[in-house]
Amino acid sequence: TKHIGVEGFLFDMLILRTGISGENWNDPDKVTYTFGVGFADKGYIVDMAMKRNKIRDSVVPDQMNSIATYVVSLSMPFGGN
């Protein structure tokens, strides 16, 4: 499986990223795409991400369905000064 992604900060607070992974990037049915946005401030990061891939339909085996998975996370510092 091949992976590639890009992440960058805008205005020291906004984090944008995108990525792609899969066995064969020429076959859209075997590729997973990821997108994300995060907000960082004082050691805290709130992150929202989406992953889109395709799976084979269980009723119609010749058909592929697009599936999106969403994740929201909070990262925070422990301890501190």
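Numbers for residues simply follow the sequence, beginning at 1. Hydrogens, waters and symmetry mates play no part in the numbers below; they use all other heavy atoms, side chains included.
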With Val37, which residues qualify under side chain to side chain contact (heavy atoms under 4.5 Å, CB included), at least two apart?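 Here the qualifying residues are Leu14, Leu16, Phe39, Met48.
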Can you see which heavy atom on Ile45 is nearest to which on Ala40, and at what distance?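 In terms of heavy atoms, the two residues are closest at CG1-CB, 4.0 Å.
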Taking all non-hydrogen atoms of both residues into account, name the closest pair between Pro77 and Gly43 and its distance.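 Minimum heavy-atom separation between Pro77 and Gly43: CD-O, 3.3 Å.
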Does atom CG (Asp12) have a neighbourhood of more than 12 heavy atoms from anything else shown, all under 6.0 Å?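 Atom CG in Asp12 is not crowded, with 12 or fewer foreign heavy atoms closer than 6.0 Å.
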Look at atom CG of Leu10 and say whether more than 12 heavy atoms of other residues, nucleotides or ligands are closer to it than 6.0 Å.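 For Leu10, atom CG is crowded (more than 12 foreign heavy atoms under 6.0 Å).
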Would Met50 and Val31 show up in the same hydrophobic cluster when neighbours are defined by side-chain heavy atoms closer than 4.5 Å?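 Met50 and Val31: one cluster.
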Kindly work out whether a path of hydrophobic side-chain contacts (I/L/V/M/F/W/Y, heavy atoms less than 4.5 Å apart) joins Phe35 to Val6.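 No, Phe35 does not connect to Val6 through the hydrophobic network.
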Residues which pass side chain to side chain donor-acceptor pair (under 3.5 Å) with [X], listed by chain and number, not counting sequence neighbours:
X     : result
Asn65 : Asp57, Gln63
Thr69 : none
Arg56 : none
Asp29 : none

Within-4.5 Å side-chain heavy-atom neighbours: Ile20 and Thr34: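 Contact flag for Ile20/Thr34 side chains = no.
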Could you check if a side-chain atom of Ser75 sits within less than 4.5 angstrom of a side-chain atom of Tyr44, using non-hydrogen atoms only?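 The answer is no; the side chains never approach within 4.5 Å.
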Quick one: side chain to side chain donor-acceptor pair (under 3.5 Å) pairs with a partner in residues 16-26, sequence neighbours left out?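 Checked against side chain to side chain donor-acceptor pair (under 3.5 Å) - neighbours excluded - the pairs reaching residues 16-26 are Arg17-Asp47.
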Set out, in order, the CA-CA distance, both residues' side-chain angles and the distance that settles side chain to side chain donor-acceptor pair (under 3.5 Å) for Thr32 and Arg52, then state yes or no. CA-CA 6 Å; Thr32 298; Arg52 180 172 297 276; over 6 Å; no
